[in-house]
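Okay, structure first, notes after.
When reading the values below, keep in mind they use all heavy atoms of this one structure, side chains included, and skip hydrogens, waters and symmetry mates.
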Amino acid sequence: MDAFSAIGLASNLLSFIDFGWELVTEARAIYRSASGITDSDRTIRTIANDTQKLCAAIAARSTDSTEDLQELAQECQRVADELLAIVSKLALPKRTSKSLRKYDSLLLALRRNLKKDDINATSQRLQRLQLQSENSDIVTSIKNIEECNERMGVKKKPRLLEIRAKTIEKLEHLQTDMTVRLATNPESLRTERKGINALSFRQTSVLMKELSAGMSDLETSGYEASALSLLLQSLHFNVMRYRHDGIGEAHANTFRWMLEPDSKNQLQGSKFVDWLRSDRSLFWIRGKPGSGKSTLMKYLAENPRVTEHLEAWSGDSRLVIGRYFFWNSGTSLQNSEEGLLRSLLFDTLRACPELARTIEQTRKNYNTPMYSMDEWSRHDLLGAFEVLGRTHLPVRFFFFIDGLDEYKGDIPKLLDTIRKLASLKDAKLCVSSRPWTEFVDGFGDDDNSVIKLEDLTRPDILRYVTDSLESNQRFQALAKDQSAYRRLADQVVSRAQGVFLWVKLVVRSLLQGATYADGLADMRKRLEEFPDDLEAYFQAIVADIPPRYRQRTALTVQVILAADHPLPLIMHYFIDELLCDSDFALKAEVKPMLEADFEVIVGRMTARLDGRFKGLLEVGASDHKPFSYHPVNFIHRTVKDFFRNNLTMKDDIPATFNPYSILCQSALALLKRSVDIFPGYTMGVFVEYARQIEERDIKLTRLDQSISQIEEMENGYSELSNCKYSLFADSLWQGWAWYVKQKVTKTTPLEAHQLLRERVDVLFSRNAVKNGISLWLVKYLSGQDEIVGTDWVPEFGDIFAARHMSTGHCRGSLLHEVHEILCVFLDLGLPLSTAIDNGTLRDYVEKEVQPTEPYGPALLHYLEEPSSNAPQIPEIVDFNLVK
């Protein structure tokens, strides 16, 4: 039993004991009543019903509680049984000697079981909940929840520690209160009746009610805070803010016209401010590549003036602001709908924790565990926002969404999602993108809600160029006597065409000339020779690469493009070594790297990349921690697009070159040198790229040798033997079918069963189901006679049903795979009575399955003949084990 459940049980026990005291007083009042009815008209039947309810609440919670609480719960049950046996024989009494005897027996039963010593024992047991101890389970739980929510940036802090302090105060008061007086060892029935101290009962009852209410409040608040914490953790992903944080700050005094209209951009700036304060739902910032869209969006997202204008729109409602910056070069969660919706929902719940209860209930309705990290489907997320749109809380939502053109997927589908968000009640969106036809058609109808960025930034570009040149001491020394140097800024602006990236590259070239003390003629030549468009400039950089570096640079580019998200600088070092010696990783020792060695490699690789790419690659800043990540990425999306489409460099790439093999080998080298630092990340990277290698190329790329070395390391290092970071667990999680099949078939059936039990949390992960691995494993186990008596069918079937089946839950794109696996389980004897959230499998099939759906007829047939005559599932053809 978790800490908060123990507190809840204690609250129920206190309520029962307090109820028993009230019953003593009530019995005495009934006994004295001439009519047999008290002022409160509490009948014996009501007493019995209340007793039953309290006992049921206690029984439901005491099965896995601590030993002390179980003892106390059992005592309460014993008292309750005796009370129920008596009151079941009682009716509304008439004042006869027989009825008096019955009431006397009730009174005696209560008096015998509710003595002063029992109260002391009760309070002592409650003390053993260790509410006071700073090392107790409840205090540890509270601190963990509050630390997690603080780390996640939750704005409204839970009152758990405050409630705990008040509960401790009430518990100590109850334990030491000397007003508790119950008559003990009565000499006669007459003195027994007179010995009841009504005032003492009332005083103690008040204390116990307050303590019970405090514990109930602590339990409720604890569960709410815990649910919020789990919900935020399920939404959060490590690179959620990476793109936003990586965008440079806007140059001083640029973009101010968006919120403080100047004479030149008054109309364009005021239209944005007017929109912020209006009820219109969507504003589009369009701009050509490199025009500064992301920089502007970051400027707006962090500007308090935006909040001020939005508050005029939100009025008395709470204003919730979320943001998401698409990034084509990032991980899947940085350029997908799932990443977008998870990020916005995360920001929403951080700012408005009260909404977590609504989302939690939605998750429960979908039968999705709160802690599940891979179960946020598009349907789930959009459903959550639809629920938020119907909330009765006074809340208004504003979302910044940058870089729609960097989304990887179906653009019409993304536009549909944007429209759904914009159509929510009390929601506004500010989005940005390149002027692709799809976006023009989707957002370009209302001229009052669109700006074309490159037409508005000329003053900003002039300010940036002027400030950059004038702040450079060498340039100032050259320009001191020749004003013509200053006119270079005007020439840069006139050629910029609103593209900030082009301007930055030109300024960098001019400042480099100042370093070499270029004369005015040379400066002008630099500017004249600089290509007018970015692609021509990138082409000039490639043409200028020294021949001795050309092939290695071309191969490095292919590896970076294959990786599809930034790699740490240390991996670039191993990639560089592998391009010289393909056996480098296999020959490397398992030897954790020293921090000093790491820093040497960082300096060396930074210089190498700068020399080969001439500034087109950038190394991310250090976080000043040992073994910092130092991500390496193209300076802009346009650079990545150029290299992906550039044909000249492809002539330097051998036909047999496999970039995924290089990525796997570099991950192996990193694992060997950093096994004690970040094994989870490295194992994930290895599997991510290993599953991209064709089965026929496994031996050719020596992937099999890499796997053997990793498995040997797993046996020797506790960091890798942890099933969370194991090669098998990651392969299940990511859906690498080839390795899973190899691993399972090379062990005995019993060993395979145990292996899957240890990884049951990922056995039916989304990728495992989608790639056919889960289905293959279930069918493989069904053919193994050695495990017939292990009850694996109900064990794994329950887990599968709990994860993927729910009445009212649409399975989306996995419907075919989920239904096929369900048919196999039912054919193997999994009962339709298997419980799922909101019912059973039978409920699911009856309410959700349609004859036209995949495997619909087969599933519906189970309703008629669920066992012997169930339809046989055709043997699965061995699926393609390519990925």
Side-chain angles (χ1 to χ4, degrees), residues 247-269 285-296 299 451-544 610 614-616 618 635-636 638-639 642:
I247 297 170
E249 300 292 335
H251 185 70
N253 297 318
T254 58
F255 297 134
R256 290 178 60 180
W257 50 268
M258 281 290 287
L259 300 170
E260 303 171 13
D262 56 28
S263 58
K264 294 182 179 179
N265 289 327
Q266 184 173 0
L267 179 60
Q268 301 299 323
I285 297 174
R286 58 173 287 182
K288 62 174 63 173
S291 59
K293 298 182 296 297
S294 294
T295 305
L296 173 59
Y299 169 82
I451 63 168
K452 188 177 180 182
L453 188 55
E454 61 268 24
D455 292 345
L456 306 172
T457 52
R458 184 182 179 91
D460 292 338
I461 291 175
L462 178 59
R463 182 174 290 111
Y464 169 77
V465 176
T466 302
D467 290 350
S468 299
L469 296 180
E470 291 183 354
S471 63
N472 184 276
Q473 292 182 354
R474 290 184 178 273
F475 188 89
Q476 281 300 296
L478 292 171
K480 185 176 182 181
D481 300 322
Q482 300 186 55
S483 60
Y485 275 97
R486 302 183 186 277
R487 288 196 292 272
L488 288 171
D490 294 325
Q491 297 174 38
V492 172
V493 174
S494 65
R495 291 182 56 192
Q497 300 178 29
V499 181
F500 252 108
L501 177 59
W502 183 90
V503 173
K504 289 182 179 181
L505 295 173
V506 170
V507 168
R508 186 171 69 182
S509 177
L510 293 176
L511 293 179
Q512 188 177 50
T515 301
Y516 301 146
D518 281 358
L520 181 59
D522 289 328
M523 285 286 193
R524 285 174 174 166
K525 189 174 183 180
R526 277 180 178 272
L527 183 55
E528 291 169 359
E529 291 179 348
F530 205 95
D532 283 330
D533 64 89
L534 292 172
E535 185 165 341
Y537 171 72
F538 301 151
Q539 188 65 57
I541 292 277
V542 171
D544 199 39
D610 185 60
K614 300 298 181 184
L616 297 184
E618 60 183 0
I635 60 169
H636 194 266
T638 53
V639 181
F642 166 77

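A donor-acceptor pair is defined here as one N or O able to donate and one able to accept, closer than 3.5 Å; such a pair exists between the side chain of W502 and the backbone of P531. With hydrogens and angles ignored, the 3.5 Å screen pairs no side-chain donor or acceptor of E454 with any backbone N or O of S291. Without hydrogens or angle criteria, T466 side chain to L462 main chain gives a donor-acceptor distance under 3.5 Å. Although no hydrogens or angles enter the test, the distance criterion places a donor-acceptor pair under 3.5 Å between the side chain of T515 and the main chain of L511. Using a distance-only test at 3.5 Å, with no hydrogens or angles considered, no donor-acceptor pair links the side chain of K614 to the main chain of I541.
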>> side chain to side chain donor-acceptor pair (under 3.5 Å) for D460 and H251? Distances and angles first, verdict last.
In response: CA-CA 8 Å; D460 292 338; H251 185 70; over 6 Å; no
>> Quick one, I635 with L505, criterion side-chain contact (heavy atoms from CB on, under 4.5 Å). Give me CA distance, side-chain angles, the key distance, then yes/no.
In response: CA-CA 11 Å; I635 60 169; L505 295 173; 4.2 Å; yes
>> Run the side-chain contact (heavy atoms from CB on, under 4.5 Å) test on L520 and R524 for me, step by step, so that the C-alpha distance in whole Å, both residues' side-chain angles and the decisive distance to 0.1 Å come before the verdict.
In response: CA-CA 6 Å; L520 181 59; R524 285 174 174 166; 3.7 Å; yes
>> For V507 and Y464: C-alpha separation, side-chain torsions, deciding distance, then whether side-chain contact (heavy atoms from CB on, under 4.5 Å) applies.
In response: CA-CA 9 Å; V507 168; Y464 169 77; 4.1 Å; yes
> Run the side-chain contact (heavy atoms from CB on, under 4.5 Å) check on R463 and N253 step by step: do they pass?
Replying inline: CA-CA 8 Å; R463 182 174 290 111; N253 297 318; 3.7 Å; yes
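Two residues are said to be in side-chain contact when any heavy atoms from C-beta on lie closer than 4.5 Å; Q497 and K288 meet this criterion. Using a 4.5 Å heavy-atom threshold, the side chains of I451 and R286 count as separate. Counting heavy atoms from C-beta outward, F538 and L616 have side chains that approach closer than 4.5 Å. Between V542 and F642 the shortest side-chain heavy-atom distance falls below 4.5 Å. Looking at V465 and L488, their side chains never come closer than 4.5 Å, going by heavy atoms from C-beta outward. Looking at M523 and F475, their side chains come closer than 4.5 Å, going by heavy atoms from C-beta outward.
Of all the heavy atoms in S471 and S468, the pair that sits closest is OG-O, 3.1 Å. Taking each heavy atom of P459 and L456 in turn, the nearest pair found is CD-O, 3.9 Å. The heavy-atom pair separating R526 from Q512 by the smallest distance is NH1-OE1, 3.7 Å. Annotation for A496 and I461: closest pair CB-CD1, 4.1 Å, computed over non-hydrogen atoms.
Taking a 6.0 Å sphere around CZ of R508, one finds it holds more than 12 heavy atoms contributed by other residues, nucleotides or ligands.
A salt bridge between D532 and R495 is present, with a side-chain N of the basic residue lying under 4.0 Å from a carboxylate O of the acidic one. A salt bridge between R487 and D490 is absent, with no side-chain N of the basic residue lying under 4.0 Å from a carboxylate O of the acidic one.
The aromatic rings of F255 and Y299 sit tilted relative to each other, their planes meeting at an angle between 30° and 60°.
Atoms OG1 and NZ, from T295 and K293 in turn, are 9.5 Å apart once rounded to the nearest 0.5 Å. A distance of 7.5 Å separates CG in L453 from CD1 in I285, rounded to the nearest 0.5 Å. Between W257 atom CH2 and T457 atom OG1 the span is 7.0 Å, to the nearest 0.5 Å.
Under the salt bridge (charged side-chain N to carboxylate O under 4.0 Å, His left out) criterion, E529 pairs with K525, not counting sequence neighbours.
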